[in-house]
Amino acid sequence: QFLKLQWVGKRLPPGPTPLPFLGNLWTLHFRIDRDSLSQVQKAEIGPYAVSDHALIWLKLTSHLKGRGNWMWRYPLELLEKTYGKIYTLWLGQNPAVLVNGYEAVRDCLISFSDVFVLREPNPYFLKIFGDNGITFSNGQLWKHNRRFGLMTLRNLGLGRRNMEVRIQEEARYLLNNFAAKEGRPMNPELPLANSVGNVICAVVFGHRFDTDDKLFLRFMKVFDMVVKFPGTAWGKVYDALSSLMPLLPGPHKKLFACWEEVRSFVREEIKLHQERRVAGDPPEDLIDYYLDEMAKTKDDPTSLFNENNLNVIVVEFFLAGVDTTSVTLLWALGYMVDYPDVQVKVQKELDAVLEPSEIICYEDRKRLPYTNAVIHELQRFASIVQVGVTRTSIKDTKFKGFFIPKGTPLFANIDSALIDPEHWETPQKFNPNHFLDEDGNFVTKEAFVPFSAGLRVCMGEQLARIELFLFFTNLLREFTFHLPREEKRKITSDYILGSTSHPHPYQICAVSR
Ligand code: HEM
């Protein structure tokens with residue numbers, strides 16, 4: 001096996017020598033630490049948990065103690081020093097190429113966009129989604145579904161009841177929810193997830209749910225479970241032994257029942273839309289748009305519009321759009337508590353520019369350069385998707401002088417671009433000045449790529465940006481956030497590394513201003 005690894009490795013970019021079975025886990029400072037394992041299992045996991053082997057190992061290495069923040073960056077930085085910006089890591093018995101630094105990441109995602117465009121099939125999501133949807137599909141179907149998704153998001157951004165208006169409404173519900181706590185300590189995680197979940201409900205179903213609606217709460221809870229599963233030890237066993245697992249008892253059986261519940265919730269919504277829909281009425285949400293396309297192409301045997309595909313696309317919008325955005329907001333409140341001077345400065349700007357009862361619009365970001373810079377900086381620094389989502393090469397490829405065989409998993413390390421010292425003055429420090437010029441004007445930065453780039457760039461980027469801006473500004477205008485009196489810790493100094501990195505659960509007080 002050792003010789004086999006050596007032989008296969010010869011064709012790939014350089015990297016540390018892999019050991020049989022373990023590959024390069026030792027290089028990643030891997031050790032099985034009971035604490036880490038249980039934290040990983042408990043971790044809230046977002047859309048990209050899947051079975052990305054690298055993420056699993058990175059997760060396990062992330063809780064090593066004694067080196068301060070951003071543990072997993074450290075071994076990757078060491079590897080970069082030894083092997084350069086592009087190297088191979090053996091994650092167990094599977095090789096993966098890591099591409100580091102903004103320039104190489106950009107070339108990989110943009111110049112080679114049509115080459116590194118495939119997603120690796122994943123047993124867990126393959127079983128649930130089959131060949132449908134956007135995030136895990138490839139080829140013609142991916143293009144077709146992505147085009148439909150983008151067109152729908154664009155259309156929903158227009159008109160009187162557009163997405164911005166819906167988010168403004170949702171922000172008001174969130175403010176009421178926080179205000180009801182009257183400054184007592186609370187964990188903001190669930191209210192944030194429910195609000196962001198309701199924005200996706202507005203996009204796909206055309207309506208929101210009361211946050212005490214039992215059906216909605218059950219949906220969010222079951223959904224949370226199915227999303228978390230791939231990050232658990234059992235989830236990893238499932239992916240490793242996927243052909244055997246259907247024959248064996250275990251928690252995965254329960255999980256697939258949960259998936260069925262999620263899908264039947266969505267099926268019910270589709271049915272309601274079908275019953276209610278009057279031909280010729282303007283479509284109001286993603287399901288309406290899709291049903292119209294299905295009706296238009298019903299006599300075309302080659303049409304890719306079908307109900308199963310619709311169901312998966314709807315589920316994927318929750319999968320990709322809830323955890324990512326709500327976790328970013330969770331970090332946002334954590335940074336405001338940890339950096340009270342930044343919080344005060346944001347509030348001063350909001351007070352100076354906006355009337356107290358003025359409805360905040362996304363356009364207002366242009367009048368609020370400091371606040372806008374803070375939102376960008378916290379996205380950069382929180383770096384929630386870490387190394388990014390795996391791609392594979394569509395063909396044998398020469399990339400920056402290295403041979404990448406067809407089908408090799410590859411990570412364009414987004415995090416390495418977000419902390420590239422060539423592009424950021426103080427890459428390892430939370431510093432809103434990264435996005436301000438000397439006169440305090442907001443400046444964009446090309447290395448700011450939290451949504452990735454190229455053909456597979458995040459489809460919900462615009463929606464997420466509007467959500468982050470409106471939720472953040474509304475919350476900061478209304479409340480001052482601080483730790484409960486008896487607590488002294490820093491919220492943002494540590495994190496749980498799931499598929500998105502989360503702060504450890506925390507309690508804060510939202511005191512009305
Ligand atoms: C702060 C929030 C968000 C962040 C940081 C984020 C980040 C990302 C990243 C890094 C990718 C992978 C792109 C690649 O493969 O290179 C991605 C893909 C995707 N995102 Fe987001 N995302 C966010 C919110 C959303 C929202 C709100 C939606 C809802 C519509 C969404 C929908 C998607 C979809 C459908 C994909 C798959 C695209 C494809 O494979 O073609 N995301 N996102």
Side-chain angles (χ1 to χ4, degrees), residues 46-48 50 52 55 99 105-106 108-110 112-114 116-120 122 125 129 132-139 141-154 156-157 163 166-167 192-193 195-204 285-286 312-332 375-376 378-392 409-415 417-418 448-472 499-502:
Y48 311 119
V50 291
D52 288 342
L55 288 183
V99 175
V105 166
R106 179 199 58 202
C108 179
L109 292 175
I110 298 175
F112 282 68
S113 204
D114 52 348
F116 302 122
V117 71
L118 295 185
R119 291 274 192 237
E120 214 183 8
N122 166 271
F125 283 108
F129 292 159
N132 299 300
I134 302 164
T135 317
F136 302 105
S137 67
N138 289 310
L141 185 73
W142 165 67
K143 278 191 195 153
H144 172 271
N145 290 345
R146 190 173 161 104
R147 205 177 310 121
F148 167 80
L150 284 171
M151 184 270 292
T152 305
L153 283 170
R154 207 170 27 248
L156 291 174
M163 278 326 300
R166 304 285 187 114
I167 299 167
L192 289 174
S195 294
V196 171
N198 254 328
V199 171
I200 300 294
C201 285
V203 172
V204 294
D285 53 55
L286 183 137
V312 171
I313 293 176
V314 169
V315 172
E316 269 188 332
F317 266 52
F318 284 97
L319 200 68
V322 177
D323 182 74
T324 44
T325 314
S326 64
V327 161
T328 308
L329 288 168
L330 208 54
W331 280 114
I375 296 171
H376 280 70
L378 65 87
Q379 258 202 290
R380 180 194 77 81
F381 203 56
S383 183
I384 62 161
V385 294
Q386 313 128 26
V387 288
V389 187
T390 344
R391 310 279 192 84
T392 57
L410 177 139
F411 290 93
N413 184 352
I414 287 181
D415 179 70
L418 295 177
F448 180 70
V449 285
F451 297 99
S452 187
L455 289 177
R456 282 263 182 188
V457 64
C458 172
M459 236 183 64
E461 173 170 355
Q462 188 61 6
L463 177 66
R465 281 175 181 267
I466 302 175
E467 285 185 78
L468 293 179
F469 182 77
L470 294 184
F471 283 126
F472 182 76
S499 53
T500 55
S501 56
H502 291 224

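Indexing begins at 1, ligand by ligand and atom by atom, following the structure's order.
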**Student:** Any donor and acceptor pair, going by atom type alone, linking the side chain of Glu316 with main-chain N or O of Thr135 inside 3.5 Å?
**Tutor:**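 Yes; judged by distance alone, with no hydrogens or angles, the pair exists.
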
**Student:** When rounded to the nearest 0.5 angstrom, what distance separates CZ in Phe136 from CZ in Phe129?
**Tutor:** 6.5 Å

**Student:** Could an N or O of ligand 1 be found under 3.5 Å from any N or O of Arg391, whether backbone or side chain?
**Tutor:**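 Yes, since at least one N or O of Arg391 sits under 3.5 Å from an N or O of ligand 1.
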
**Student:** Can you find a non-hydrogen atom of Pro450 under 4.0 Å from ligand 1?
**Tutor:** yes

**Student:** Look only at interatomic distance and state if Thr328 has a nitrogen or oxygen under 3.5 Å from any nitrogen or oxygen of ligand 1.
**Tutor:**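 It does not: no N or O of Thr328 is found under 3.5 Å from an N or O of ligand 1.
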
**Student:** Give the numbers and elements of all ligand 1 atoms closer than 4.0 Å to a heavy atom of Ala464.
**Tutor:**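 Those atoms are 2 (C), 24 (C).
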
**Student:** If we set the cut-off at 4.0 Å for heavy atoms, which region of Glu461 has an atom near ligand 1: side chain, backbone, both, or neither?
**Tutor:** neither

**Student:** Strictly distance-based, threshold 3.5 Å: is any side-chain N or O of Trp331 a donor or acceptor partner for the main-chain N or O of Ser501?
**Tutor:** yes

**Student:** Taking all non-hydrogen atoms of both residues into account, name the closest pair between Gly133 and Ile313 and its distance.
**Tutor:** CA-CG1, 4.1 Å

**Student:** If you take all heavy atoms of Arg456 and Ile134, which pair is closest and at what distance?
**Tutor:**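 It is NH1-O, 3.2 Å.
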
**Student:** Are any of the N/O atoms in Arg456 less than 3.5 Å from those in ligand 1?
**Tutor:**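 N/O-N/O distance under 3.5 Å: yes.
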
**Student:** On a heavy-atom basis, which atom in Ser452 and which in Arg391 lie closest, and how many Å separate them?
**Tutor:**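 Scanning both residues completely, I find the closest heavy atoms to be OG-NH2, 3.9 Å.
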
**Student:** Only one of Val199, Asp285, Thr152, Leu286 forms a side chain to side chain contact (heavy atoms under 4.5 Å, CB included) with Val204, so which one is it?
**Tutor:** Leu286

**Student:** Which residue from Gly460, Gly149, Cys108 reaches closest to atom 28 (C) of ligand 1 through any of its heavy atoms?
**Tutor:**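 That would be Gly460.
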
**Student:** For Leu455 and Arg146: C-alpha separation, side-chain torsions, deciding distance, then whether side-chain contact (heavy atoms from CB on, under 4.5 Å) applies.
**Tutor:** CA-CA 10 Å; Leu455 289 177; Arg146 190 173 161 104; over 6 Å; no

**Student:** Heavy-atom contacts with Trp142 under 4.0 Å: which atoms of ligand 1 show up? List them by number with element.
**Tutor:**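 Within the 4.0 Å cut-off of Trp142, ligand 1 contributes 39 (C), 40 (O), 41 (O).
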
**Student:** Between Arg154 and Gln462, is the side-chain contact (heavy atoms from CB on, under 4.5 Å) condition met? List the steps.
**Tutor:** CA-CA 9 Å; Arg154 207 170 27 248; Gln462 188 61 6; over 6 Å; no

**Student:** Counting each atom of ligand 1 from 1 as listed, which ones have a heavy atom of Val385 under 4.0 Å away?
**Tutor:** 10 (C)

**Student:** Check the pair Leu319, Phe125 against side-chain contact (heavy atoms from CB on, under 4.5 Å), reporting the backbone distance first and the verdict last.
**Tutor:** CA-CA 11 Å; Leu319 200 68; Phe125 283 108; 3.8 Å; yes

**Student:** Please say whether Ser452 places an N or O atom under 3.5 Å from an N or O atom belonging to ligand 1.
**Tutor:** yes

**Student:** Below 4.0 Å, non-hydrogen atoms only: which portion of Ala320 touches ligand 1? Side chain, backbone, both or neither.
**Tutor:**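 Near ligand 1, Ala320 shows its backbone as well as its side chain.
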
**Student:** Identify, by atom number and element, the atoms of ligand 1 in contact range of Ile134, meaning under 4.0 Å from any of its heavy atoms.
**Tutor:**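 Within the 4.0 Å cut-off of Ile134, ligand 1 contributes 39 (C), 40 (O), 41 (O).
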
**Student:** Closer than 4.0 Å to some heavy atom of Phe317 - which atoms of ligand 1 meet that?
**Tutor:**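 Matching atoms, with element in brackets: 30 (C).
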
**Student:** Could you tell me if any non-hydrogen atom of Phe136 lies under 4.0 Å from any atom of ligand 1?
**Tutor:** no

**Student:** Taking 4.0 Å as the limit for heavy-atom contacts, which would you say applies to Thr135 with ligand 1: side chain only, backbone only, both, or neither?
**Tutor:**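 For Thr135, backbone and side-chain atoms both sit under 4.0 Å from ligand 1.
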
**Student:** Decide whether an N or O pair under 3.5 Å exists between Arg119 and ligand 1.
**Tutor:**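 Right, the criterion is met.
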
**Student:** Among Ile466, Leu156, Leu153, find the one that has a side chain to side chain contact (heavy atoms under 4.5 Å, CB included) with Met163.
**Tutor:** Leu156

**Student:** Who's closest to atom 42 (N) of ligand 1 heavy-atom-wise, of Ala382, Ser326, Cys458?
**Tutor:** Cys458

**Student:** Just let me know how Arg146 lines up against ligand 1, side chain, backbone, both or neither, with a heavy-atom cut-off below 4.0 Å.
**Tutor:**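 Contact part for Arg146 vs ligand 1: side chain (C-beta onward).
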
**Student:** With a cut-off of 4.0 Å, which atoms of ligand 1 are near a heavy atom of Val389?
**Tutor:**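 Under 4.0 Å from Val389, ligand 1 has these atoms: 12 (C).
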
**Student:** Specify the closest pair of heavy atoms between Leu418 and Ser383, including all atoms of both residues, with the distance to one decimal.
**Tutor:**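 So the two residues come closest at CD1-OG, 3.8 Å.
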
